[in-house]
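This report concerns only the one structure given below.
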Amino acid sequence: MLPASAKAPHKQPRKQSISIGRGTRKRDEDSGTEVGEGTDEWAQSKATVRPPDQLELTDAELKEEFTRILTANNPHAPQNIVRYSFKEGTYKPIGFVNQLAVHYTQVGNLIPKDSDEGRRQHYRDELVAGSQESVKVISETGDLEEDEEPKELETEPGSQTDVPAAGAGEKVTEEELMTPKQPKERKLTNQFNFSERASQTYNNPVRDRECQTEPPPRTNFSATANQWEIYDAYVEELEKQEKTKEKEKAKTPVAKKSGKMAIRKLTSMESQTDDLIKLSQAAKIMERMVNQNTYDDIAQDFKYYDDAADEYRDQVGTLLPLWKFQNDKAKRLSVTALCWNPKYRDLFAVGYGSYDFMKQSRGMLLLYSLKNPSFPEYMFGSNSGVMCLDIHVDHPYLVAVGHYDGNVAIYNLKKPHSQPSFCSSAKSGKHSDPVWQVKWQKDDMDQNLNFFSVSSDGRIVSWTLVKRKLVHVDVIKLKVEGSTTEVPEGLQLHPVGCGTAFDFHKEIDYMFLVGTEEGKIYKCSKSYSSQFLDTYDAHNTSVDTVSWNPYHTKVFMSCSSDWTVKIWDHTIKTPMFIYDLNSAVGDVAWAPYSSTVFAAVTTDGKAHIFDLAINKYEAICNQPVAAKKNRLTHVQFNLIHPIIIVGDDRGHIISLKLSPNLRKMPKEKKGQEVQKGPAVEIAKLDKLLNLVREVKIKT
């Protein structure tokens, strides 16, 4: 029995006394005494001591269990760390705090067994162990030989001549045995210090084979090249070039000349040019093959890579950089125009010039292919900067170009020379200010090619190719409405509006939009030369781009250097959507695969992709694609492939692939076919416009 003091309500001392009693019993069993001996004495001598501040608890309170959860959080880690957010302009608490507490660290060095250093250490250990074993063997053999020496002397007392020889021989063997044999060190291969070995092989006997053929016919030719003969050869070549130009100018085929006069042999110069053309084609194919091997990883990304992270984020996408196009001859020139070829979908044209009025020099027109990013397919130079260009839809080899000096020109890619096939002049009505945009239009009634141009001089001119000449007609002259200046003589002068951009309607041929430096957009018609159909107060600075939606006939888009992109319904004078991009907008472009997707580039080096069907309020992709010093100037979507090209003011063109979230198509539903086509795209954009109209009506 335990004493009364051991029956106290405190639970912890009771457990201690029981555990001690069990230990004493076990010791008694080991010592051989009975188990029950000495328990009363122990109970009398060892009593539990109750602390004075112990609480008196009831049985229910003693039986109550308290659970304590252990976590990996550091109790000393601060929970109130804040950092300044430059985006929101306030201090924001940090959600994640480092809970790691390091109690002990030690720097170590592990060497793999398969490494060179590991092999050296292993070989060194084996060498030491082998030398120790050899010393033990030598000591044992030496003791045995000392015991055997007197026996050999006793058995052969008469052979005195053999004793010294044998003794000498024994001394030699002892010395050899006392010195441990060192195993030959295995020489490790060193990749930085190797010796080249050669071996002489059996030379096959040389055999001579001969065959006799008929000798080719030979003729002796001799001539003297005088100055007049060289002169006659150059004159003859110039005459042939003029005749070929006349043949190209003549539309009707020239009447066949009879007899031997019509058949002329090719001269040596013509045959050489044909050979050079064939050689250049073979070299171009070879160059493309080499580039395809060089940029194989980029080609694989272009064809197959899709960002897998888009599956876990619904409304955000990314741009994957692909090829970068640049040319040494176009250094220090800005990319002023971009245009994809409508027939050859891997070919695009780039115009080079300068937007700085004080740094005007030369210009260039380059055509790159995605198959050869290292060098352009075509290269044309000009004395003035190229500010805009457009490629004909039906004739993809014709490129219309507008220059900074007011001239317009047409380049023919089929002709090898670098001069334009057609060019305006002061006599033929060129612009007096830079040409900011050109657009091909449908052929006129006489099936003549024609295109339009807009300039800062306020003229919108129609250019027609008639009999190998450019004929111009002024369609409209822009005037600033509501602002007139009076001259002392009583006359009123209307200030001229400076056109910067224009675009023609996709279905209504006569209607087009014109953006001006004053920030206004005019809706014009080809039939009225002195009156606007409508006027929109669009922007606070000059309008950089105006573009009709490729699907919806009522919607167009504009951008400006006032940081904004606006989407309009041409029947309403107020914009439907306004987006502020926090930097001057260089260019905008509609996507060819969706009516609600468009891209914009800004001067801070960022590309913005919008999809109104996913997010009406902000871009679903804001990504810097160029250095901070580089200002993006233009952007264009490819007509088939999911890529865009972006140009900057340093002459670089960057191609970027859109992630799957940036080119979402309608999802398939069970038992229903996916509806595709222009009608679906129009309905999708109409739904958004109706929501905006309802909100405006309510407000």
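Model, not experiment: these values are computed from the prediction.
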How far does [atom1] of [X] sit from [atom2] of [Y], to the nearest 0.5 angstrom?
X      : Y      : atom1 : atom2 : value
Tyr352 : Phe380 : OH    : CZ    : 14.5 Å
Leu478 : Arg459 : CG    : CZ    : 11.5 Å
Asn638 : Ile643 : CG    : CD1   : 4.5 Å
Tyr231 : Glu236 : OH    : CD    : 13.0 Å

side-chain contact (heavy atoms from CB on, under 4.5 Å) evaluation trace for Lys243 with Lys240: CA-CA 5 Å; Lys243 287 180 181 179; Lys240 286 182 180 180; 5.6 Å; no
Less than 6.0 angstrom from the centroid, inside 45 degrees of the normal: does Lys439 satisfy that with respect to the ring of Phe452?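 No; the conditions do not both hold, so Lys439 does not lie above the ring face of Phe452.
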Establish, yes or no, whether the cationic atom of Lys566 lies under 6.0 Å from the six-membered ring centre of Phe598 and within 45° of the ring axis.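 No, Lys566 does not lie over the aromatic ring of Phe598.
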Closer than 4.0 angstrom, basic N to acidic O: yes or no for Lys245 and Glu242?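 No, no charged N to carboxylate O under 4.0 Å.
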Look at the rings of [X] and [Y] and say which category their plane angle falls in: under 30° parallel, 30 to 60° tilted, over 60° perpendicular.
X      : Y      : answer
Phe512 : Phe504 : tilted
Phe325 : Phe348 : perpendicular
Trp440 : His392 : perpendicular
Tyr579 : Phe610 : tilted

Of all the heavy-atom pairs spanning [X] and [Y], show the shortest one and how long it is.
X      : Y      : result
Gly351 : Leu389 : N-CD2, 3.5 Å
Pro396 : Tyr344 : CG-CE1, 4.2 Å
Ala600 : Val565 : CB-CG2, 4.4 Å

Do Ser334 and Ser354 pair up side chain to side chain, a donor and an acceptor below 3.5 Å, judged on atom types alone?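 No, no side-chain donor-acceptor contact under 3.5 Å.
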Just by distance, no angles: are the side chains of Asp444 and Asn450 close enough, under 3.5 Å, to form a donor-acceptor pair?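 No, no side-chain donor-acceptor pair sits under 3.5 Å.
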Taking the six-membered ring where the residue is Trp, are the ring centres of Trp568 and Tyr536 under 6.0 Å apart?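 Centroid separation for Trp568 and Tyr536: below 6.0 Å.
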Side chains of Asn448 and Leu465: does their closest heavy-atom pair fall under 4.5 Å?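 Answer no - side chains too far apart.
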side-chain contact (heavy atoms from CB on, under 4.5 Å) between Asn327 and Met379, worked out: CA-CA 10 Å; Asn327 192 272; Met379 185 183 299; 3.9 Å; yes
